[in-house]
Every structure is written in C-alpha cells, then in structure tokens.
Amino acid sequence: QVQLVESGGGLVQAGASLRLSCAASGRTLNNYAVAWFRQVPGKEREFVAAVMWRGENTQYGDSVKGRFTISRDNTKTTVFLQMNSLKPEDTAVYYCAANRWTIQKEAANYDYWGQGTQVTVSS
C-alpha cells in the first residue's frame, strides 16, 4: 500500500511559478514510477510528467515541456513538480500517482493516487 499526498497548489497570476510536492508513505518507491496528471471538469485526465524513482528517466507532456520540471528527494520520499511560466490553461487539479516498475502515460495504469491539489492561474 502506498499513500500519496499532494501539496503546494494555489492561485497565482500568469507567468508566476509554483512548486507542487507529492509525499509518499506506506512503503518505499524504489521500484516505482511516479507521475503527475492534471484534470479539469468534463475533460480527461492529462499526463503531465513522470520520473522513475531509480534512475534519471523522465517524460513530459508536450504542453509543459520547457516549463515544468519533475524531480525527487530520496530522503523525504517526495516528488516535486516545479512549474514555471504558468499559463491560464495550466489551471487544473493536479494529482500524483505511482505505478510499479515502468513509466506510463495512461492514468488507468497507475495503482496509487493522491487526493489532488488545485492550481489556478489567472490572466
């Protein structure tokens, strides 16, 4: 069992930066991929970024490449999403998720999810 808790969301103006955190508990994530997804009402959950806990392999959604960076902190068992140059279209609930062994871009392939944190970007 893995518990994931997101934090760091808020309301910011376009062009601002925000860093989200995903804290994991219950077990280690050494064999897991951890990803960020986002979702707005009425739309499908969108892949944002992912990282393998072991190794440096990362992947990003096309809409956030060059603006968002995913990273991890082994000591705190935490994954971060640094979001720069935020745009109104980044507004969504952001979720972190964990999947054993392999990075996946489909939400259905992730076994563990956090509760989500709201990010709102005003123009």
Checklist entry - Which pair of heavy atoms, one from Val119 and one from Leu20, lies closest together, and at what distance? => result CG2-CD2, 4.0 Å
Item to check | Working for side chain to side chain donor-acceptor pair (under 3.5 Å), residues Glu46 and Ser63 | outcome: CA-CA 10 Å; Glu46 177 189 9; Ser63 64; 3.2 Å; yes
Checklist entry - Tell me, do Thr117 and Ser7 make a side-chain contact under 4.5 Å, heavy atoms counted? => result no
Checklist entry - Which is it for Ile103 and Met52 under the side-chain contact (heavy atoms from CB on, under 4.5 Å) test, yes or no, and what are the steps along the way? => result CA-CA 7 Å; Ile103 289 177; Met52 293 297 300; 3.6 Å; yes
Checklist entry - Do Thr69 and Phe80 come close enough that some side-chain heavy atom pair is under 4.5 Å? => result no
Item to check | Residues, nucleotides or ligands: over 12 heavy atoms within 6.0 Å of Gln118 CD | outcome: yes
Checklist entry - Within a radius of less than 6.0 Å around CD of Glu89, do more than 12 heavy atoms belonging to other residues, nucleotides or ligands occur? => result yes
Checklist entry - Under 3.5 Å, is there a donor-acceptor pair between the side chain of Thr58 and the main chain of Val51? => result no
Item to check | Nearest-0.5 Å distance that lies between atom NZ in Lys87 and atom OG in Ser123 | outcome: 14.0 Å
Checklist entry - Is any NZ, NE, NH1 or NH2 atom of the basic residue among Asp62 and Lys65 found under 4.0 Å from an Asp or Glu carboxylate oxygen of the other? => result yes
Item to check | Same apolar cluster (I L V M F W Y, side chains within < 4.5 Å links), Tyr95/Tyr60 | outcome: no
Checklist entry - So Phe47 and Phe37, would you call those rings parallel, tilted or perpendicular, with 30° and 60° as cut-offs? => result perpendicular
Return all side-chain donor-acceptor pairs below 3.5 angstrom for residues 109-116, not counting sequence neighbours, or 'none' if the list is empty.
{"residue": "Asn109", "atom": "ND2", "partner": "Gln104", "partner atom": "OE1", "Å": "3.4"}
{"residue": "Tyr110", "atom": "OH", "partner": "Gln104", "partner atom": "N", "Å": "3.1"}
{"residue": "Tyr110", "atom": "OH", "partner": "Gln104", "partner atom": "O", "Å": "2.5"}
{"residue": "Trp113", "atom": "NE1", "partner": "Tyr110", "partner atom": "O", "Å": "3.3"}
{"residue": "Gln115", "atom": "NE2", "partner": "Glu6", "partner atom": "O", "Å": "3.1"}
{"residue": "Gln115", "atom": "NE2", "partner": "Glu6", "partner atom": "OE1", "Å": "3.4"}

Next on the checklist: If you define the side chain from C-beta out and look only at heavy atoms, does anything of Phe68 sit under 4.5 Å from Leu86?
Outcome noted: yes
Next on the checklist: Side chains of Met83 and Asp90, heavy atoms from C-beta outward: is any pair under 4.5 Å?
Outcome noted: no
Item to check | Pair Arg38-Val64, side-chain contact (heavy atoms from CB on, under 4.5 Å): steps then yes or no | outcome: CA-CA 11 Å; Arg38 64 187 183 185; Val64 305; 4.0 Å; yes
Item to check | pair Val79-Ile70: side-chain heavy atoms closer than 4.5 Å | outcome: yes
Checklist outcome for this item: d(Asn31 CG, Thr102 OG1) to nearest 0.5 Å is 10.5 Å
